[in-house]
Colleague: 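Structure provided below as structure tokens; questions to follow.
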Amino acid sequence: MTSEEIRKVTGLLLEHLLPTLKVFGFTLLFSVPLGMIVALLKMCKFKPISWLTNVYILIMRGTPLMLQIILVRYLVPMLRINENTPEWLRNILLEINIAGDNYLFNMIIVAFVFNYAAYFAEIFRGGIESIPKGQYEAAYALSMTKTQTFFRIVLPQVIKRIVPASANEVITLVKDTSLANVVAYAEITLVANQQMQYYSSITPLVIAGVFYFVMSFVLTVLFALIEKKLNYYR
Amino acid sequence: MAILEVRNLSKKFDDVQVLKDISFDVNKGEVIAIIGPSGSGKSTLLRCINQFEKADGGEITVCDMDMLVKDSKDRTVFSDAKTLRDIRLKIGLVFQNFNLFPHMTVLGNIIEAPVKVLKTPKAEAVEKAMELLKKMGLSEKANAYPYELSGGQQQRVSIARALALNPEILFFDEPTSALDPELTGQVLKVIKELAEEKMTMVIVTHEMAFARDVADIVVFMDGGYIVEMGTPEKVFGNTENERTKQFLSRYNNDVMSADE
Ligand SMILES: Nc1ncnc2c1ncn2[C@@H]1O[C@H](COP(=O)(O)OP(=O)(O)OP(=O)(O)O)[C@@H](O)[C@H]1O
Ligand SMILES: [Mg+2]
């Protein structure tokens with residue numbers, strides 16, 4: 001490839017950084033709070049709820065994210081044409097506008113959010129359960145309320161404990177956004193693939209690789225700083 | 001004046017009766033030492049009084065507030081949540097493992113409850129905390145984190161933390177059991193000073209010499225019962241009770257062999 005072509009491809013890939021970042025950002029935005037809720041549901045003392053939550057987590061972590069993306073993307077269209085779909089459901093499904101980019105993007109986010117929430121939930125639950133019973137007892141002996149105990153005593157210690165595992169998850173997510181190309185979402189990997197075929201050169205892939213690497217690297221440094229900041233106690 | 005009254009307290013875990021017919025009083029300014037073999041129910045007794053466990057039967061009164069009482073039909077009923085909380089505020093507890101909050105400084109640990117629970121102005125809470133730290137001989141450690149302290153220092157901080165809420169009565173569950181022998185002394189010294197200031201205290205301990213030294217009343221528990229209760233002279237000096245004799249002699253032997 002000529003340097004002119006390389007500049008052109010780099011520009012094109014830069015333009016498609018936004019779709020990639022959109023998947024990354026929206027997934028984080030929703031999967032972290034959802035993961036918190038899922039963690040609490042799994043710790044619920046009412047067994048059926050914690051059991052159901054566990055089934056959800058097992059399925060999300062036990063099947064490929066790429067498969068989940070395809071499934072979510074084609075769920076509604078496939079149910080619409082399936083002859084076994086009950087009429088009332090078909091009518092509801094027909095209301096949904098499945099054409100257009102919005103639908104595609106929304107379905108990708110749904111798949112990513114439910115998948116990542118399961119991973120985050122396990123990290124949060126592990127963090128909460130790793131806080132020694134003595135911390136709760138000390139707070140109780142000091143007449144602190146449950147809310148005070150959670151926000152003043154438990155949560156700060158949980159955050160410190162979950163930062164390393166969460167960092168892993170977030171950095172994995174940067175790279176996992178490339179899976180969205182399987183449903184023809186125009187993000188970096190998809191575009192790089194097209195450009196490779198157009199120019200018969202692997203250079204576009206290398207450039208895309210550099211993009212991912214830089215993003216992961218920045219996040220790695222960022223999390224290292226956070227960890228360091230939280231290192232004032234043991 | 002009785003700060004704490006316990007009547008016929010009983011507690012079961014599953015099928016095991018851990019506390020049976022426990023009755024005793026603690027008057028203002030008194031120091032009670034509770035001794036007894038492992039598994040005799042000492043911690044469970046403290047945990048029932050501190051509301052970590054729900055007693056099954058009996059009566060507990062703290063500073064004239066009923067924690068649990070018998071109703072007219074002889075059923076054991078707990079007081080309302082507000083009373084239970086008021087009672088908890090009158091009681092301080094020091095744990096065997098200190099249980100300091102690792103993410104807060106020494107000062108932070110001590111002022112947390114006064115500021116958040118009692119709503120004491122921060123400056124006032126800090127002033128009080130510094131006084132307590134001075135008393136504990138830890139003034140220069142106010143801004144240290146718990147991990148930077150020795151076990152003996154951590155335990156003294158946890159005593160200061162309990163005292164910061166101005167409890168009427170302070171409970172200790174084996175305050176020196178997690179400490180090396182050379183650190184035990186510092187903590188016992190602080191407790192002894194509190195006794196001299198007429199702080200009301202109930203101390204579960206395996207330190208017999210200490211119990212003999214500071215306690216007004218020694219309670220010997222075994223198998224969930226209070227087997228014997230009396231002055232240290234009586235319990236350690238000339239007990240008539242076979243079970244107490246047996247426990248103390250085995251204890252003395254252990255101490256002797258440990259000394260060798
Ligand atoms: N949460 C619990 N569930 C079931 N059994 C318990 C529980 N807590 C204590 N026990 C049992 O109750 C009995 C009394 O225990 P407790 O901890 O009160 O004894 P202790 O006198 O404090 O002993 P130690 O000197 O070893 O601390 C023991 O047999 C113990 O196994
Ligand atoms: Mg015990």
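Numbers restart at 1 for each chain; the letters A, B, ... are given by sequence-line order, proteins then strands.
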Colleague: Which heavy atom in Phe95(B) sits nearest to a heavy atom in Ala141(A), and how many Å separate them?
Modeller: CZ-CB, 4.1 Å

Colleague: Minimum heavy-atom separation for Arg85(B) and Ser143(A), please, with both atom names.
Modeller: NH1-O, 2.9 Å

Colleague: Please find the pair of heavy atoms, one from Tyr233(A) and one from Tyr147(B), that lie closest to each other, and give the distance.
Modeller: CA-CE2, 3.6 Å

Colleague: Taking His103(B) for its side chain and Arg152(A) for its backbone only, find out whether a donor-acceptor pair lies under 3.5 Å.
Modeller: yes

Colleague: Between Glu112(B) and Gln148(A), is there a side-chain heavy-atom distance shorter than 4.5 Å?
Modeller: no

Colleague: Does atom CZ (Phe213(A)) have a neighbourhood of more than 12 heavy atoms from anything else shown, all under 6.0 Å?
Modeller: no

Colleague: Out of curiosity, Ile153(A) CD1 to Asn99(B) CG, how far, rounded to the nearest 0.5 Å?
Modeller: 11.0 Å

Colleague: Which heavy-atom pair separates Ala138(A) from Arg161(B) by the least distance, and what is that distance?
Modeller: CB-NH2, 3.5 Å

Colleague: Around atom CG of Leu14(A), are there more than 12 heavy atoms from other residues, nucleotides or ligands closer than 6.0 Å?
Modeller: yes

Colleague: Tell me if the CD atom of Glu148(B) is crowded by more than 12 foreign heavy atoms within 6.0 Å.
Modeller: yes

Colleague: Check whether more than 12 heavy atoms from other residues, nucleotides or ligands sit under 6.0 Å from atom NZ of Lys189(B), and answer yes or no.
Modeller: no

Colleague: Below 4.5 Å from any heavy atom of chain A, which atoms of Ile91(B) appear? Answer side chain, backbone, both or neither.
Modeller: backbone

Colleague: Please state whether the side chain, the backbone, both or neither of Leu165(B) comes within less than 4.5 Å of a heavy atom of chain A.
Modeller: side chain

Colleague: For Phe101(B), is it the side chain, the backbone, both, or neither that has a heavy atom closer than 4.5 Å to a heavy atom of chain A?
Modeller: both

Colleague: Using non-hydrogen atoms only, which part of Gln51(B) is less than 4.5 Å away from chain A: side chain, backbone, both, or neither?
Modeller: both

Colleague: If you count heavy-atom pairs under 4.5 Å between each of Gln135(A), Met144(A), Lys160(A) and chain B, which one has the most?
Modeller: Gln135(A)

Colleague: Less than 4.5 Å to any heavy atom of chain A: does that hold for the side chain of Arg47(B), its backbone, both, or neither?
Modeller: side chain

Colleague: Measure the shortest side-chain to side-chain distance between Met104(B) and Pro156(A) over non-hydrogen atoms and say whether it is less than 4.5 angstrom.
Modeller: no

Colleague: What closest approach, in Å, do Val117(B) and Leu142(A) show between heavy atoms, and which atom pair accounts for it?
Modeller: CG2-O, 3.6 Å

Colleague: Using modelled atom types only, decide if a donor and an acceptor are shared between the side chain of Tyr140(A) and the backbone of Asn50(B) within a distance under 3.5 Å.
Modeller: no

